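Just so you know, these numbers come straight off a predicted model, no measurement behind them. For this chain, numbers begin at 1 and follow the sequence in order.
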Amino acid sequence: MATNAIDQTRRMLSLVTYLRERPGAHVQDVARAFGITEDELISDLDVLPMCGTSFRGGDLLDIDTDGDRIWWHNPDDVAEPLRLAADEATALLVAARAVATLPGLRESDRDALVRATAKLETAAGESGAASSRLSVTFEAEGGVFADVDRAISERRRLWLRYYSPARDELTEREVDPIRLFAVGHTYMEGWCRLSEARRTFRLDRVAEIRLLDAPAAPPELELRDLSAGLVQPAAEDPEVVIEVGTGGRWVAEYYPHDRAEELPDGGLRITLRTPDPASLRRLALRLGGDGRIVAPPELADSARGAAREALAAYEDAV
């Protein structure tokens, strides 16, 4: 059964409650109750003893199995009221905020996590306020990396639900993987059957992944030289300046740029280079009220013209 990190985390949290109420439960019965294989259950049980109520390594779950039955030796110790030190509260709040931004998380789960985070922040006091100045970026490389690596070695096609920050949407697509590589983040290069073109996918934006039985058959392509980075604008490429509001700050992450300056309203003034400035008109249309091209002037005028044409076409259609 295909799964992702979010599903596995949700299952393991439920597993803790299930095992507490059923001491000595049979492996076969537990696997059947959760709709997973016995091997998947054993894999979960290998992880659970690393979890507990302390970030310092104490009060961990003492769970083991003899292959037939599962025993939890310290459920009462772990059930004691949780008391967090300042550093533990900070770490938990930072992690909770990061998880709440993951693509693929159900809205009901996201809302519950946000409410729990707010309560924890209130209880943590000054520690909670300090944590708001920290952030983390998840690399969903565990299961996703393993599945991609397996697909490449077995020459199998992949099905993905992939998050695109440029469109703020999840798309489903089939991909023939070509290679894995790391340039700041970890990426998969592959032949996308949706766009019928070579595409690059960041692993931490893969919300769900599944190996297919269909063989991977990407066309013969010359591998790009990535020694200078994923995107390599040249020094002689024209310079473009874009100003974005808070809703367009993703542009600085998605597009390589020379600099990004903070604006008083929480937005950014982004300076970048591109061999084809006209291609950024599409970006300007996508940003809408969240951004505009400032320079060069002719590109700004062209983007405004494209926006007027798009609006006129929409009004005619309506």
**Message:** Would you compute the distance between atom CZ of R198 and atom CD of E189 and round it to the nearest 0.5 angstrom?
**Reply:** 5.0 Å

**Request:** Could you tell me the separation between the CD atom of E239 and the CZ atom of R273, rounded to the nearest 0.5 Å?
**Result:**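 Taking CD in E239 and CZ in R273, the distance rounds to 5.0 Å.
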
Taking NZ, NE, NH1 and NH2 as the nitrogens, is one of them in [X] or [Y] under 4.0 Å from a carboxylate oxygen of the other?
X	Y	value
R193	E174	no
R32	D29	yes
E262	R249	yes

Quick check against the 3.5 Å criterion: does [X] have a side-chain atom that pairs as donor or acceptor with the backbone of [Y]?
X	Y	answer
R199	V175	no
R69	G24	yes
R156	L212	yes
Y162	I209	no

**Prompt:** Step by step, would you call L268 with V251 a side chain to side chain contact (heavy atoms under 4.5 Å, CB included)?
**Reply:** CA-CA 9 Å; L268 292 172; V251 174; over 6 Å; no

[X] vs [Y] side-chain heavy atoms within contact, under 4.5 Å:
X	Y	value
M188	V206	no
E208	W159	yes
I70	T65	yes
T246	D265	no
L158	L211	yes

**Message:** Between V30 and R22, is the side chain to side chain contact (heavy atoms under 4.5 Å, CB included) condition met? List the steps.
**Reply:** CA-CA 10 Å; V30 178; R22 296 167 178 81; over 6 Å; no

**Prompt:** Can you hop from F34 to V47 via hydrophobic side chains spaced under 4.5 Å?
**Reply:**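 Yes: a chain of side-chain contacts under 4.5 Å links F34 to V47.
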
